[in-house]
Amino acid sequence: MAGAFPDSSDYVVVGAGLAGAATAWQLAARGHQVTLLERDVPAAHDGSSHGSARIFRYAYPDPFYTRAVLEAKDLWDGLALDAGTELITPFGAVDYGPTRQPALLAGVLSGAGIEHELLTAEEARQRWPQIAFDTEVLWHPGAGVIDAETSVNAMVALAVRHGATVLTGWSLDRVERPGSGAGSGYRLHSAAGETLDAGNLVISAGGWLPRLLESLPLPSGFLAGLPEFTVRQEQAFHFRYREGSGFSATTWPTFIHKAADMQTYGLPGGRDAGFAGQKVAEYNGGPRVPSAADQTGLVDPANRARVVDYVRRYLPGLDPEPYAETTCLFTNTPTEDFLIDGADNLTVVSPCSGHGAKFAPLIGQWAADLATGAAAVPDRFRSASSPALTT
């Protein structure tokens, strides 16, 4: 997939995960000269955009995000049509638990005109006996599962179709500004000693962002105004559908459960673990790491024990012993709002991989708008030092 090595590019996007691939696609589709750099390969397995199972849902307590999902879905549909493949498989979603506030979520969906039902726990247990619901339940059938890796590759392919160059195995080491003053462009240096000049730079490096920020020649005021980025090495476990239960991926919805003692989510695991079971994880349950470069890939035994105990208590339709397990990266801001901001022709994009996957095409559109000056992005995604927020 790598193209001929260029000496320079009008726009260089660093990171070929969901957000970076979407940004490169959006920029290239607008006719810009684009180079997409990736330290490994698109949707690399040590990043946040690999595999086939990410939840797509509309239920948010904040109507802003629900409206954004609707906008993103239109872009997903167009992307799937262009790519000629299904990217979101419909399974529906259930939301429940003492602190999940299903009735509040139902009100938000009502305001957005999204199909849903609010069920009692007993009504939900009759419909999905494989789940031990402990509160009323929100059901919205429009939810589903995103195939993240296929989506990344589809967006990269469309970027290339529009003329973008993709360079894989290009690990960014540092960035400098050869000229002086705003608009002077950037020189990127790889760990192998390669260089690439960029008129405009977009950094979408996921869990590598905290360490990369140290090497970016951004104004000190801008850097000081950025939120703290928390990187976690999350743990995910796959549990087989209980033998003889009659339950399979086609009968399991995705779920978010906020119990009193932990928050969990689950979804059909797809090809990540042989289509044989449900992927279940504790949200933000993994250990913090300084950056993605510090991940170990080791599963925390204490987290495994918590999730296994959870499955025994709440998911009777699953065999409570995991048949596969993995780690992945979550990068979040304190508010879990995205960061899409920049200064001096350099744009920083951090879409919070704890919940950002469903917005990927829209995040690419927002990032391209900001990088080119074509349109503003929502103020909530700008840092405290952004000129748009301080004037």
Side-chain angles (χ1 to χ4, degrees), residues 1-21 23-24 27 33-50 152 156 159 164-220 222-224 226 228-231 233 288-297 329 331 339-351 353 367 371 383:
M1 189 175 289
F5 193 95
D7 295 321
S8 64
S9 188
D10 292 342
Y11 288 86
V12 173
V13 179
V14 177
L18 281 163
T23 303
L27 286 169
Q33 181 194 27
V34 179
T35 298
L36 177 61
L37 299 182
E38 169 53 47
R39 57 180 295 280
D40 191 350
V41 295
H45 280 259
D46 60 354
S48 300
S49 300
H50 64 281
V152 168
V156 170
T165 298
V166 181
L167 301 179
T168 57
W170 212 102
S171 182
L172 180 62
D173 181 57
R174 61 188 175 91
V175 179
E176 64 177 353
R177 174 170 284 178
S180 59
S184 59
Y186 296 89
R187 178 159 294 160
L188 284 65
H189 297 262
S190 78
E194 304 150 311
T195 62
L196 176 64
D197 289 340
N200 300 271
L201 182 59
V202 179
I203 302 291
S204 182
W208 281 266
L209 180 61
R211 185 161 293 177
L212 272 178
L213 284 172
E214 301 171 2
S215 74
L216 299 179
L218 281 162
S220 58
F222 177 82
L223 288 170
L226 293 178
E228 178 187 6
F229 297 100
T230 299
V231 182
Q233 182 175 271
R288 292 180 61 162
V289 292
S291 84
D294 303 291
Q295 63 184 311
T296 65
L329 293 174
T331 306
L339 177 80
I340 305 173
D341 202 359
D344 298 345
N345 293 359
L346 196 159
T347 303
V348 180
V349 182
S350 182
S353 47
S383 70

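Note: hydrogens, waters and symmetry copies are ignored here, and every other heavy atom, side chains too, is used. This one's a predicted model, so the numbers in the text were calculated from it and none came from an experiment.
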Do the side chains of [Y] and [X] get nearer than 4.5 Å, heavy atoms only?
| X | Y | answer |
| --- | --- | --- |
| Val14 | Val175 | no |
| Pro42 | Thr168 | yes |
| Asp46 | Trp208 | yes |

Kindly give the heavy-atom pair with the smallest separation between [X] and [Y], and that separation in Å.
| X | Y | value |
| --- | --- | --- |
| Gly20 | Val13 | O-CG1, 3.6 Å |
| Ile340 | Ala367 | CG2-CA, 4.0 Å |
| Asp344 | Pro219 | OD2-CG, 3.5 Å |
| Asp40 | Glu38 | N-OE2, 2.9 Å |
| Ser350 | Leu209 | CB-CD2, 3.8 Å |
| Leu188 | Ala198 | CD1-CB, 4.0 Å |

When rounded to the nearest 0.5 angstrom, what is the spacing between [atom1] in [X] and [atom2] in [Y]?
| X | Y | atom1 | atom2 | value |
| --- | --- | --- | --- | --- |
| Leu27 | Gln33 | CG | CD | 11.5 Å |
| Leu201 | Asn345 | CG | CG | 9.5 Å |
| Leu36 | Tyr11 | CG | OH | 15.5 Å |
| Leu213 | Ile203 | CG | CD1 | 8.5 Å |
| Ser215 | Glu176 | OG | CD | 11.0 Å |
| Arg174 | His189 | CZ | NE2 | 4.0 Å |

Could you tell me whether a side-chain N or O of [X] sits under 3.5 Å from a main-chain N or O of [Y], the two making a donor and an acceptor?
| X | Y | value |
| --- | --- | --- |
| Ser204 | Gly15 | no |
| Gln233 | Val289 | no |
| Ser291 | Pro210 | no |
| Ser353 | Thr331 | yes |

*Show your reasoning for whether side-chain contact (heavy atoms from CB on, under 4.5 Å) applies to Trp170 and Leu196.*
CA-CA 10 Å; Trp170 212 102; Leu196 176 64; 4.1 Å; yes

*Kindly indicate, with the supporting measurements, whether the criterion side-chain contact (heavy atoms from CB on, under 4.5 Å) is fulfilled by Val348 and Leu218.*
CA-CA 10 Å; Val348 180; Leu218 281 162; 4.1 Å; yes

*Where do Leu216 and Tyr186 land on the side-chain contact (heavy atoms from CB on, under 4.5 Å) test, with the steps shown first?*
CA-CA 10 Å; Leu216 299 179; Tyr186 296 89; over 6 Å; no

*Go through the steps to decide whether Leu339 and Phe229 satisfy the test side-chain contact (heavy atoms from CB on, under 4.5 Å), and finish with yes or no.*
CA-CA 10 Å; Leu339 177 80; Phe229 297 100; 3.6 Å; yes

*Using the side chain to side chain contact (heavy atoms under 4.5 Å, CB included) rule, pick out the option among Thr35, Leu167, Thr165, Asp197 that qualifies with Val12.*
Thr35

